[in-house]
Colleague: 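Below is one structure. I have some questions about it.
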Number of protein chains: 2
Amino acid sequence: MLATDFKEAITAADRVLVQIRTAIVEGEIPAGTKISEPELARRYDLSRAPLREALARLERCHLIERTPNAGARVVKLSIEGLRSLYQLREELEGLACRLAAEHMTEQEIAEVRALLDQHLSTQRVREGESYYQEAGDVDFHYRVILGSKNPYLINILSDELYFLVRMYRVQLGMNGPRVSRAFDEHKAIINAIANRDGELADLLMRRHIAASKRNIEQQLLQQGTSHG
Amino acid sequence: MLATDFKEAITAADRVLVQIRTAIVEGEIPAGTKISEPELARRYDLSRAPLREALARLERCHLIERTPNAGARVVKLSIEGLRSLYQLREELEGLACRLAAEHMTEQEIAEVRALLDQHLSTQRVREGESYYQEAGDVDFHYRVILGSKNPYLINILSDELYFLVRMYRVQLGMNGPRVSRAFDEHKAIINAIANRDGELADLLMRRHIAASKRNIEQQLLQQGTSHG
DNA sequence: TTTTTACTTATTGTCGACAATCTGATGCTC
DNA sequence: GAGCATCAGATTGTCGACAATAAGTAAAAA
């Protein structure tokens, strides 16, 4: 099921997947928690069959880890995990930029630009409100990824890796000057794509992601040293 | 479940997954076939619950495509699909090479070299037998991928993309001089890794994969023009 | 003849119960 | 007292049956 598919029919498994997924990403179900199927089935008021279907998909996007006959656990956030994840993300979104510079239509590029302007105005109103930054950033990256027109790349980035990326970002947050700086970086990236300069877009995207990684890394280090 | 995990407990879903997966990869269940859950359940003599678990994992590695309430279909092989897949594969295995040059131990490198020598001797005995070439090639790539030490990269390449890659290769085959040439390319790649020259290993791997792609592409084109 | 509609049929999605397996605690042996 | 075996409890894996949805067919109306 690629992100580009239309939602043809919503099943109970789909609904509970979205619910549990956001609960994990937002930290409502804390990292490292043991997942109990009977408990979740009661909590979301359905049987274990669709629940297990949802758990299988959560495993697919690395939000939980399952071991046969032993159950599932919400993934733990760690520095090594962050580095591995962002290492891959740099490479893949860099590729997405090169492909987007090649395949995005003028129409699509114009839409992304409109999106950025809209985010900017929203951001100015709600200064420092990191949630809007979060949503806007995800949206921007999502558009570029779709612009690559490579279904496997789209699937991996937006269906598999992105929820874990969001989990790191939501739980460890963006802070300080990064929030406003990210807008300028997005602008520069879409400009490069508009100029059909894939190499530059690639480079800028890698730097953008690397900067984001350093930011979260610091949060993780601080949290690690202060509490443990 | 990463490929690096130990097989802690084999469940019925695991067994039937392997069976159906090889059946699809080898073409025993032809590309484009509609998957009937009751039929497969009878055929493999188990209930639909573990079967559906297996189907979920087959969807994950892009061997089948599911639409809600409408069932699953074995994926069709196409030129566009091949290009998208190999585009991603080039990028990811290139990255794997750079990381392997950084992280593989001398021990691991020596093992890969021993593996190659072993493959070479086997190959000489069974000249032109493409199955051994297939197995050997997969094994080589698998070792390099593991050498990257990046769990997400390992998961995507060896658990998700590789079965589809094998499906293209098994059903459309390796032919002619590619078979023997691949050995030399493998040698060159592991040499670059041994020299800790990540950039060169990256480059060589991309070329290696690109050559493989062209080979399969030709088969697909010939097949497409000759049969309809 | 073509289109629409109702119906039949088969398939998928979901449920509750049973079997196999793991976890933790209790008691026994050394 | 430490270590191991055994057992109780709970959890996961699997099963067969029911409900909901989609596909195909035949009949009726335009």
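FYI, side chains are in, hydrogens and waters are out, and symmetry mates aren't considered; it's all heavy atoms of this structure. Residue numbers start from 1 in every chain, and the chains themselves are labelled A, B, ... in the order their sequence lines are given, proteins ahead of strands.
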Colleague: With A/His208, which of A/His141, A/Glu90, A/Glu93 fulfils side-chain hydrogen bond (donor to acceptor under 3.5 Å, both in side chains)?
Modeller: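 Testing each of A/His141, A/Glu90, A/Glu93 against A/His208, the sole residue satisfying side-chain hydrogen bond (donor to acceptor under 3.5 Å, both in side chains) is A/His141.
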
Colleague: Name all pairs fulfilling the salt bridge (Lys or Arg N to Asp or Glu O under 4.0 Å) condition that reach into residues 140-158 of chain A, sequence neighbours left out, sorted by first residue then second.
Modeller: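 Salt bridge (Lys or Arg N to Asp or Glu O under 4.0 Å) check on residues 140-158 of chain A returns A/Glu108-A/Lys149, A/Glu111-A/Arg143, A/Asp139-A/Arg143.
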
Colleague: For every nucleotide of nucleotides 9-21 of chain C, 5' to 3': is a protein heavy atom under 4.0 Å from its base (B), only from its sugar-phosphate (S), or from neither (-)?
Modeller: --SBBBB-B---S

Colleague: In the structure I gave you, are the side-chain heavy atoms of B/Gln171 and B/Glu26 within less than 4.5 Å of one another anywhere?
Modeller: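 SC-SC contact between B/Gln171 and B/Glu26 ruled out.
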
Colleague: What do the steps show when you test A/Met167 against A/Arg21 for side-chain contact (heavy atoms from CB on, under 4.5 Å), and what is the final call?
Modeller: CA-CA 10 Å; A/Met167 184 170 170; A/Arg21 195 170 57 194; over 6 Å; no

Colleague: How many angstroms lie between CG in A/Leu92 and CD1 in A/Ile154, if you round to the nearest 0.5 Å?
Modeller: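 Output value for this atom pair is 12.5 Å.
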
